[in-house]
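Note sheet for the following structure.
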Amino acid sequence: MSIQIQIGPTTIHRIVEQEGPLFAALHFFPTLTPELLEENRAWLQPRFLDPDDKLVLCIQSYLVQTRHHNILIDTCVGNHKPRPSRAFWHMMNSDRYEKNLAAAGFGVNDIDFVMCTHLHTDHVGWNTRLENGRWVPTFPNARYVFADRELAYWTARQRDEPAACPWVTDSVLPVVAANRVDIVKSTHAFDDEVTLIPTPGHTIDHYSVQVGQPGTDALITGDMIHSPLQARYPELGMMADYDAGQAGATRRKLFDRICDTSTLLCTAHFPSPSVGRVVRWRDAFDLTTG
Ligand SMILES: [Zn+2]
């Protein structure tokens, strides 16, 4: 099924690769206590939390179709990629992603830009595909837009400890080697419809993507939020955060700015339909999700 969101002249498509219960909530959020989970169970279940207390997550891309460009934001997990520490992502071999891309009306040749909000395994996978034993860019006509300090950090990490980040080896460095990368600041104004917004903390130079103008806009969050629990409790860190304190401060600052406005939040990992608006809840926030 093709899912579309209209923001002024721009159409945003969701391209889903995977959806289901993936991680145990108490493991995923290391500072989440059983008591706090219990307190929130009634509204989390069944949609956001399965009966075994696993978080129900979606793995997806957002395809932003402006008047000028087709921009793919985040590229999921990908096929044939060794991910020994994540059984549900290890050596995937699925046609679901490409079928959903086709259902939205696009092929790999139609993508002009790929933006990775950050360089984690579930946001870079389809950057490359296997061709005759080599990793080549999946989108042959695309420029890949990476934040400068994000790329520098992961390039160094891969050099020092490649086994800790196999996705950098197979899904990031090959597009660099193919001269397909535009290295930008995480404040980069791409054009008059698309702007990068720095949302650091989950990773060192994470960015979100604003589409449209205030009043008629959407914010594609990447991983600055993983669950609506982090709206109610912005300081709740996630296990892979680079700096959980900074990630919490980023959520408070951004949500304060867009709270009770029409800005549509397009999250990477909330279960479908994954989008909603930020409203005030006690001294924090909540998300109205469809
Ligand atoms: Zn992610």
Side-chain angles (χ1 to χ4, degrees), residues 14-25 27-30 32 48-49 54-63 72-79 81 83 85-90 92 94 96-97 100 114-128 144-147 150-151 153-154 157 164-168 170-172 186 196-209 219-231 234 236-244 246-248 250-251 254 265-276 287 289:
R14 294 174 57 232
I15 313 293
V16 173
E17 181 186 55
Q18 193 182 44
E19 185 160 7
L22 294 181
F23 293 94
H27 177 70
F28 196 79
F29 296 120
L32 177 62
F48 300 104
L49 194 69
K54 281 187 173 176
L55 293 168
V56 179
L57 300 174
C58 187
I59 308 292
Q60 64 190 314
S61 302
Y62 285 92
L63 203 171
L72 190 66
I73 299 176
D74 289 334
T75 61
C76 304
V77 175
N79 273 353
K81 310 226 156 164
R83 303 289 181 256
S85 64
R86 298 268 182 260
F88 44 78
W89 291 340
H90 182 60
M92 287 218 313
S94 164
R96 185 173 176 190
Y97 186 78
N100 284 342
V114 173
M115 294 183 174
C116 295
T117 59
H118 64 299
L119 301 181
H120 274 166
T121 186
D122 54 319
H123 296 259
V124 300
W126 282 104
N127 282 0
T128 59
Y144 289 69
V145 180
F146 298 157
E150 185 79 9
L151 180 61
Y153 174 87
W154 288 107
R157 183 100 175 87
C165 49
W167 64 90
V168 180
D170 59 44
S171 306
V172 175
S186 53
L196 309 191
I197 307 286
T199 43
H202 178 60
T203 60
I204 192 166
D205 202 12
H206 186 286
Y207 65 73
S208 302
V209 182
L219 191 78
I220 297 171
T221 63
D223 280 4
M224 60 85 65
I225 184 166
H226 290 84
S227 160
L229 259 183
Q230 291 178 299
L236 194 61
M238 179 268 185
M239 60 181 181
D241 282 347
Y242 170 76
D243 182 337
Q246 187 185 38
T250 287
R251 276 187 289 279
L254 187 79
L265 212 64
C266 299
T267 74
H269 292 313
F270 287 22
S272 292
S274 312
V275 303
L287 287 174
T289 56

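Predicted model only: the values in this text are computed from it and were never measured. All heavy atoms count here, side chains included; hydrogens, waters and symmetry mates do not. Both ligands and their constituent atoms are indexed starting at 1 by order of listing.
- Two rings, from F29 and F23, have their centers 6.0 Å or more apart.
- Restricting D122 to its N, O or S atoms, the one at the least distance from the Zn ion (ligand 1) is OD2.
- Of the options D205, T221, T203, D74, a side chain to side chain donor-acceptor pair (under 3.5 Å) to T117 is made by D74 and by none of the others.
- For the side-chain contact (heavy atoms from CB on, under 4.5 Å) criterion with M224, the lone passing option out of L219, L265, T267, T250 is T250.
- Here D223 reaches the Zn ion (ligand 1): one of its N/O/S atoms is less than 2.8 Å from the metal.
- Proximity of the aromatic rings of H118 and W154 is defined here by a centroid distance below 6.0 angstrom, and this criterion is not met.
- Residue contact annotation: H123 places an N/O/S atom under 2.8 Å from the Zn ion (ligand 1).
- Metal site remark for the Zn ion (ligand 1): H118 contributes no N, O or S atom at a distance under 2.8 Å.
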